[in-house]
Structure formats: structure tokens, C-alpha cells
*Asks:* 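One structure coming up, written as C-alpha cells, with questions to follow.
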Amino acid sequence: MVVELLCCACCCLPVFIPSFSHSFHGKGHLLSSLPLQSHGDAPPGRHLRSLSPPPLHYHLMDLEAGAYQDKAKATVGGAPKCGFQRAASWRTVLTLAYQSLGVVYGDLSTSPLYVYKSTFAEDIHHSETNEEIFGVLSFVFWTLTLVPLLKYVFIVLKADDSGEGGTFALYSLLCRHARLNSLPSCQLADEDLSDYKKDGLQMSPTGTSFSSRLKSSLERYKVLQRFLLVLALIGTCMVIGDGVLTPSLSVFSAVSGLELSMSREQHKYVEVPVACVILIALFALQHYGTHRIGFLFAPVVILWLLCISAIGLYNIFHWNPHVYQALSPYYMYKFLRKTQRQGWMSLGGILLCITGSEAMFADLGHFSQLSIQIAFTTFVYPSLILAYMGQAAYLSKHHLMDSDYQVGFYVSVPEKLRWPVLAIAILAAVVGSQAIITGTFSIIKQCTALGCFPKVKIVHTSSKIHGQIYIPEINWTLMLLCLAVTLGFRDTRRMGNASGLAVITVMLVTTCLMSLVIVLCWNKSILLAVGFVILFGTIEALYFSASLVKFLEGAWVPIALAFIFLIVMCVWHYGTLKKYEYELHNKVPIDWLLSLGPNLGIVRVRGIGLVHTELVSGIPAIFSHFVTNLPAFHQVLVFLCIKSVPVPHVRPEERFLVGRIGPREFRIYRCIVRYGYRDFHKDDMEFEKDLVCSIAEFIRSGNHEVDVDLKDEETMKVVGTCPTQMDGIQVSEVDDQNDGGCPGPSASDHTEIVQVHSSPMKPRRKKRVRFIVPESPEIKVEARDELRELMDAREAGVAYILGHSYVRAKPGSSLFRRAVINVGYDLLRRNCRAPTFDLSMPHESTLEVGMVYPI
């Protein structure tokens with residue numbers, strides 16, 4: 001056992017609480033049912049229904065994603081009552097549509113750089129009959145129309161998870177609806193969260209008979225649950241692989257325009273170094289955050305799309321005005337009839353025209369459905385079609401070229417415009433790469449929150465938009481892998497083969513999960529789900545088979561990367577699950593705690609002891625080690641559990657679940673802090689204040705008897721953070737030397753519980769704590785005494801008690817389990833970051849104890 005010295009030290013800045021007044025309705029009410037905020041000048045005894053929260057009251061720990069975007073979703077969803085509101089809502093939507101061009105469509109808009117070049121690289125050749133080029137154009141047109149436009153824009157975008165999109169959002173939506181507890185710490189109380197049943201999600205099997213049977217099968221068979229998890233992880237791993245391949249392919253394709261301005265001997269010595277320098281600069285600038293250079297993204301993409309569409313129109317009218325006839329599906333038939341097997345293999349190059357389509361769904365949380373739909377249908381889609389038609393029109397009149405880049409993008413650009421277009425293309429490639437890199441950071445953060453990836457350092461680069469994050473370890477890993485791919489392949493053909501397989505695999509996973517969403521969540525007919533799979537699954541399976549054939553020609557790279565990341569995720573998830581199961585099976589019974597008496601058989605000293613545990617019920621086994629080995633313990637004990645729930649965000653007013661362990665005189669509480677998988681965990685000194693305030697509100701809200709078996713979750717109360725408790729108890733903490741006090745609520749509306757001063761040994765570190773409670777309802781004497789003791793403990797300081805557990809396979813385990821636990825999981829544990837909660841603790845107030853778990 002490793003024990004460090006306990007020290008209690010907390011020095012907080014003065015907190016000024018505005019005057020407010022409200023009356024309470026009922027006894028033991030939940031703060032989650034009260035209004036979020038109240039005006040300071042509201043008359044006593046009135047509740048305000050439509051309130052605007054003062055922004056200064058919210059600290060960084062409770063910032064929710066995309067307040068600006070949420071406003072757009074809310075205003076557009078409702079029916080405005082006046083012309084001014086209607087104009088303002090549409091102005092917001094159009095602003096979001098403008099911003100989405102730079103964030104969402106960077107990768108998709110740069111695909112004309114390499115589609116034709118990759119398609120005609122080896123498998124087929126451009127002949128004078130033009131059947132090949134017109135067939136490829138027809139494939140490109142219908143692929144862009146069916147997959148990004150029909151599938152994603154009009155269907156998949158509607159399957160959002162409380163405004164969030166992506167593979168894990170679909171998986172989370174299915175888990176919540178079918179009650180597939182991917183996290184071992186899930187509780188029934190989590191289903192009462194506002195976002196858990198949002199958008200009309202029905203938790204009871206009220207759908208069709210088939211959906212009810214499918215739901216019961218998923219809940220009954222663990223193998224189906226594991227298969228669903230592995231399927232989601234495969235899609236996630238392919239997204240990470242795409243984060244390696246897309247920057248290499250986009251940048252290398254943009255730089256390849258130099259080949260038209262220099263000889264072949266010079267070009268091969270310039271192209272690769274220039275691409276590597278751009279990639280290194282791209283990843284080196286990540287730690288500044290996208291918000292610092294984000295204002296350039298949308299103009300760059302807009303300029304690029306205007307450029308390629310204008311060049312496309314010029315080529316259409318100048319070279320072949322009748323190229324529009326190639327949009328007929330008949331040309332696809334002629335193409336396959338002539339090229340046969342080679343034409344089927346060339347589909348791997350045509351597939352690249354939809355790279356980046358998944359970003360429309362993955363980045364949904366930063367925008368609204370309507371803004372993404374408007375941007376794609378009115379600007380992106382027409383620009384891409386014109387660009388591909390223009391290239392086809394030019395190539396239909398140019399057949400005799402000796403160079404191997406005869407069907408590349410830059411050859412169709414007028415010679416006088418090639419250098420400006422090259423510069424714009426490089427900028428657009430950087431923007432497209434930035435989007436996939438940011439998306440990779442975001443999806444790894446989601447995996448970490450759901451216990452499927454080792455904990456990594458997450459740096460929030462913006463204090464306003466929590467989705468803008470930076471992960472140093474992942475950033476440098478991606479950079480090294482991108483450089484390795486660029487130096488290893490040195491041509492767009494093999495890079496395209498690798499990127500195409502990663503992209504189409506993610507789309508196949510989305511199609512499979514989406515079919516389940518149609519049946520389980522939307523309660524639609526099974527025929528509709530089957531039709532969805534047949535239509536889009538057949539198209540994607542055709543492209544997938546064509547990409548898989550190129551396994552030895554570059555397609556092995558995403559498979560290898562996905563396999564490595566999948567092993568890491570599965571090992572970490574398995575080890576974490578087994579560790580939690582051991583703690584759950586070896587928790588201390590409540591009878592043992594009750595037998596110790598109110599003093600727990602030891603001396604109780606002033607202060608609050610926060611015992612961090614992963615358990616949401618029961619007494620952790622490590623607590624018995626503290627009691628049996630320490631001569632004293634704190635007068636107030638709090639078993640603190642910080643967990644993630646399968647929703648994107650948890651509202652601040654629903655942040656805490658607070659309960660009591662044992663009788664009132666034991667002064668032992670349980671506090672569960674809940675975060676969504678996209679919530680912002682920020683190191684913040686206000687966390688201690690929110691925690692104490694939530695316990696105080698729990699004490700004030702009514703009498704709660706002994707929680708004997710800790711299985712009845714109704715004994716726990718939902719309590720919000722301090723800024724959301726405008727009708728409840730408030731905490732005021734000021735320096736003790738500040739005798740003038742601080743302005744607080746009106747004395748006529750609130751009662752101040754007399755403060756107890758801490759020891760005068762260190763006058764500079766003393767502080768005064770006051771609980772300010774409403775006059776109504778009247779607080780009982782026992783509750784007042786309990787609040788005074790909690791206030792006294794808060795003044796004495798807070799100590800953090802941590803248990804570090806080391807997992808080992810028990811003797812007699814199989815070789816596979818020993819390899820996974822003793823080697824794989826232990827290696828990941830020793831090289832990953834500590835939880836955010838651990839990192840924010842003051843070292844002088846921390847006690848750590850180590851234990852070995854045989855599993």
C-alpha cells in the first residue's frame with residue numbers, strides 16, 4: 001500500500017451571488033424540474049418560464065457544444081411569430097451553411113483532383129471512342145447523386161443523436177433505445193435525462209412486432225451486443241485510418257500540379273519533399289486550434305468550388321457542349337460491357353468522388369441539418385458535377401498525349417490559370433485535411449468517454465466551442481503515419497486505393513447501423529429497412545469489392561491500421577470491463593459499514609474526504625483498506641463517481657446524482673457526476689463548490705432515510721450545478737480577512753446559516769463559507785445541523801482519496817487472457833493519461849492507495 005500525506009488546502013476567490021427570490025413548491029423536489037435560470041429583479045414568489053441565463057454564471061466545466069448552432073436548430077424548428085424572427089432564423093441558418101463549407105466539405109470538394117487520374121491509372125485506358133470517359137462520368141454523377149445527396153443529405157442526417165452525428169452517435173442511439181448497456185456503470189436513473197428520450201424516442205417497445213422481437217433479441221443475447229459494438233469500432237477505426245490517408249492523398253494530389261511546369265527528372269525530386277513539408281506544417285499548427293485560422297476555411301473552399309465550376313463550364317462550352325448526354329445510366333452499361341473486369345476494378349478510383357461524404361453526418365453536431373442540406377444541394381453538389389463534366393468534356397477531345405498524367409485534373413486547366421489554381425488547390429487540400437484531422441480527434445474523444453480507447457491528453461483550444469480539441473499523442477502519430485504513407489507510396493494511385501477502402505467501409509457500417517435505426521428507433525416497416533440496405537448496400541458492396549481487389553496495391557494500409565486500432569480498443573474495453581466487474585463483485589457490504597457505528601471505529605477529523613470510485617452503488621473494497629490502516633478520517637465522506645453516459649450532452653441542471661449512505665449521523669454521501677460523450681471536461685476550481693452545493697441542496701430538500709442495499713436508485717436526487725440552482729441553496733465562499741463580506745441574496749427572502757471559522761494557524765489560507773437558503777420551505781433542525789457540519793468541513797478543506805488498481809490475470813488463466821491482461825492492458829494502462837479528474841487535484845491534498853485485482 002502506498003500512502004501519501006494528507007493535506008487540506010483550498011483557497012478560493014470571492015464569489016458574488018446576485019439577489020434573487022423564489023418560492024418552493026412541494027417537499028423534496030428535484031432541481032431538474034425547475035426553471036434553468038431566474039432574473040435577479042423578479043418579484044418574490046414567481047417562477048419565470050422564458051428566461052435567458054446570464055453567461056457569467058456558467059463556468060467552463062458546463063459549457064455545452066455549439067450554443068450558436070443550438071440556437072439555429074431551435075429557431076428554425078419552431079414557427080416564428082413575426083417577420084423579424086423569421087428573417088433572423090434564416091439568417092442564422094445561412095450563416096451556418098456558409099461556415100459548413102469550410103468545415104464539412106473541404107475533403108469532398110478536393111476529390112476532382114484525383115478521381116479521373118486514379119480511375120485511368122492502370123485498369124482502363126482513354127480511347128478515341130470516349131466510351132470509357134463518358135462511362136466514368138456517368139458513374140461519378142449517379143454515385144454523387146445516390147450516396148451523398150440521397151442517402152446522407154435526405155436520410156442519414158435525420159438519424160441524429162440529440163443533434164450529434166457519426167458512427168458512434170448511431171451506436172449510442174441504438175444502445176439507448178434497446179437498452180444495450182455498453183458502459184458497465186449505466187443506471188436506470190440515466191434514462192430520465194432530458195437528452196436520453198429526446199426527439200420522441202420511445203423506450204417501451206411500442207413499434208412493430210418485428211422491431212419488438214429484434215429489440216428483445218438484442219437485449220437477450222450478449223453475442224449480438226458484442227457484434228454491434230465491434231461493428232461500430234470497425235467503422236471508428238476506419239475513420240482514424242482515413243485521417244491518415246486523406247491528408248496524404250489531398251496534399252500530394254494538389255502538389256502534383258507541379259509536374260506540368262518542370263521536367264520529369266526534376267519533378268520526382270520536388271513533389272514528395274514539398275508534400276512532406278506541407279504535411280509537417282499542417283500537423284505542427286494543430287495545437288493553435290482551428291478557431292484561429294478557421295475564418296479562412298470557408299472562403300478558401302468557396303473560392304475553390306467557384307474556380308473548378310467556372311473551369312468546368314468553360315471546358316463544356318469550349319470543347320464538348322453535348323457532354324451532358326453522358327449523364328444517362330446507359331453509358332454505365334456501355335462502359336462495363338466494353339471494359340468488363342478492368343472496368344469493375346477501376347470502380348475503386350471512381351469511389352474517390354464521394355470521399356468526405358461521411359463528414360456531413362460526423363460534423364452534424366457543429367451545425368444544423370438544414371444548413372448542411374442547403375450548402376450541399378445549392379452549391380457543393382452543382383459545383384462538383386460541373387467540374388467532373390468539364391474534365392470529361394476536355395478529355396473527350398484530347399486523346400493523343402504521351403505523358404502518364406494525360407487524364408489528370410491540371411491538364412484540363414487553361415495554361416494561364418495553372419499556377420493560381422495550384423495555389424488554391426493546395427490551400428483547399430489543407431482545409432480538407434484539417435477537417436478529417438479534427439474529426440479524428442473528436443471520434444477518439446468519444447471512444448475515450450465510452451471506455452473504448454485509452455485515456456489521452458485532450459486540450460481544448462477554444463473556450464467558446466468545446467468541439468475544437470487537440471490531442472497531442474494522436475496528432476504526432478497521425479503525422480508520422482502520413483509521412484510514412486507519402487514516402488512509401490509516392491503516387492496517387494496506391495494512396496487512392498487505400499483511401500477508397502477506408503471510406504467505403506465506413507459507409508457500409510453506417511448503412512448497417514442505419515437499417516437498425518429505421519426499425520428500432522423510427523419504428524418503420526422492416527421492408528423500408530430492407531429496401532434501404534438493398535439500394536445503398538448494393539452500391540457500396542460493389543465499390544467495396546472493387547477496392548478490396550487492390551489489397552496488394554495499397555488497400556492493405558487501412559486494413560492494417562484498423563486492425564491495430566481495433567486490437568487497442570478491444571483490449572482496453574475488455575480490461576476496463578473486467579476491472580469494473582471485479583470491483584462490483586468485491587464491494588464491501590453495507591452491513592459492515594453500519595456495524596462500525598457513526599465514527600466508523602476511528603477518529604473523525606474536520607474536513608471533507610472525497611473517495612473517488614468507479615462504482616455507482618455499494619462501498620468500494622479499497623475503502624476497507626483506508627478504514628483499517630488509517631488512524632483518522634474526515635467528518636464528511638463523499639463517494640464520488642465521475643462517469644460518462646451514452647448521450648452527447650448532460651444538462652448542467654441534471655449533472656449530479658446525490659444520495660446518502662447509512663444513517664444521517666454517519667455523514668456519508670454518494671455523488672455521481674454525469675457527463676455525455678461529447679461534454680467538456682475542464683479542470684475548474686468551481687467543481688468543488690458545485691459538489692458541496694449539490695450535497696447541501698440534497699440535505700435541504702428533505703428527509704432521506706437509510707440507503708440499505710444501495711439498489712433503489714430512487715433514493716438518489718437529481719441536483720444541478722450552482723448556477724442552475726437559482727431557487728435553491730447557494731454557497732458563498734470569501735476570504736476570512738474580508739470582514740466586509742460579500743453581497744448576497746436579500747435577507748427578507750433568504751436565511752444565512754452562521755459560518756464557523758477555521759483554525760487561525762494560517763490566516764492567509766482561511767476562508768469563510770456560508771450556505772444561503774430560501775425562507776420557504778422551513779428547514780428542520782436536523783438538516784440545519786447537518787448543513788453546519790458540512791459548512792465546517794468545507795472550511796477545513798477537501799482531501800482527495802484515490803485508489804490505484806493494478807489488474808493481473810488470476811493464476812490458472814488461459815494464455816490468451818494472460819496475454820491480454822498482463823501484457824496488452826497493462827502496457828496501455830502504464831502509457832495512458834490519468835483521468836481528467838485526477839489531473840486537476842492539488843497534489844498536497846491527495847492520498848493514494850494501490851491494490852492488485854486478480855481477474
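Fair warning: this is a prediction, and the values are worked out from it, not measured in the lab.
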*Asks:* Do any side-chain atoms of residues 321-333 form donor-acceptor pairs under 3.5 angstrom with protein atoms, and if so which ones, sequence neighbours left out?
*Replies:*
from, atom 1, to, atom 2, distance (Å)
S328, OG, Y330, N, 3.3

*Asks:* Strictly below 4.0 Å, N to O, side chains only: are K151 and E540 in salt-bridge contact?
*Replies:*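 Yes, this pair counts.
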*Asks:* Got a sec, which pairs hit side-chain hydrogen bond (donor to acceptor under 3.5 Å, both in side chains) with one end in residues 420-429, sequence neighbours left out?
*Replies:*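 Residue pairs passing side-chain hydrogen bond (donor to acceptor under 3.5 Å, both in side chains), neighbours aside: none found.
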*Asks:* So, F453 versus W572, ring centres under 6.0 angstrom or not?
*Replies:*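 No, the ring of F453 stays outside the 6.0 Å limit from the ring of W572, centre to centre.
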*Asks:* Please check if the side chain of N475 supplies one atom and the backbone of Q286 the other of a donor-acceptor pair under 3.5 Å.
*Replies:* no
*Asks:* I'd like to know if E473 pairs up with K457 as an ion pair, taking the criterion as any Lys NZ or Arg NE/NH1/NH2 lying under 4.0 Å from an Asp or Glu carboxylate oxygen.
*Replies:* no
*Asks:* To the nearest 0.5 Å, how far apart are OG in S100 and CZ in F379?
*Replies:*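 S100 OG to F379 CZ: 11.0 Å, rounded to 0.5 Å.
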*Asks:* Tell me every residue that passes side-chain contact (heavy atoms from CB on, under 4.5 Å) with N130, counting only those two or more places apart in sequence or in another chain.
*Replies:* H126, I133, F134, S396, H399
*Asks:* In chain order, what residues pass the side-chain contact (heavy atoms from CB on, under 4.5 Å) check against L535, with sequence neighbours excluded?
*Replies:* L150
*Asks:* According to side-chain contact (heavy atoms from CB on, under 4.5 Å), who are the partners of L303, at least two apart in sequence or on a separate chain?
*Replies:* I424
*Asks:* Taking T246 for the side chain and G243 for the main chain, is one N or O donor matched with an acceptor at less than 3.5 Å?
*Replies:*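 It does not hold such a pair.
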*Asks:* Looking at F139 versus F335, is the centre-to-centre ring distance below 6.0 Å?
*Replies:* yes
*Asks:* Parallel, tilted or perpendicular for W319 and H398, by the 30°/60° rule?
*Replies:* perpendicular
*Asks:* Can you sort out the partners of S433 under side-chain contact (heavy atoms from CB on, under 4.5 Å), two or more places apart, ordered by chain and number?
*Replies:* P247, S250, V251, L282
*Asks:* Between W556 and F551, is the gap from one ring center to the other below 6.0 Å?
*Replies:* no
*Asks:* Quick check against the 3.5 Å criterion: does N320 have a side-chain atom that pairs as donor or acceptor with the backbone of I316?
*Replies:* no
*Asks:* Kindly say whether A425 contributes a backbone atom to a donor-acceptor pair with the side chain of W304 at under 3.5 angstrom?
*Replies:* no
*Asks:* Passes side chain to side chain contact (heavy atoms under 4.5 Å, CB included), T145 versus Y381? Steps please.
*Replies:* CA-CA 8 Å; T145 302; Y381 177 75; 2.6 Å; yes
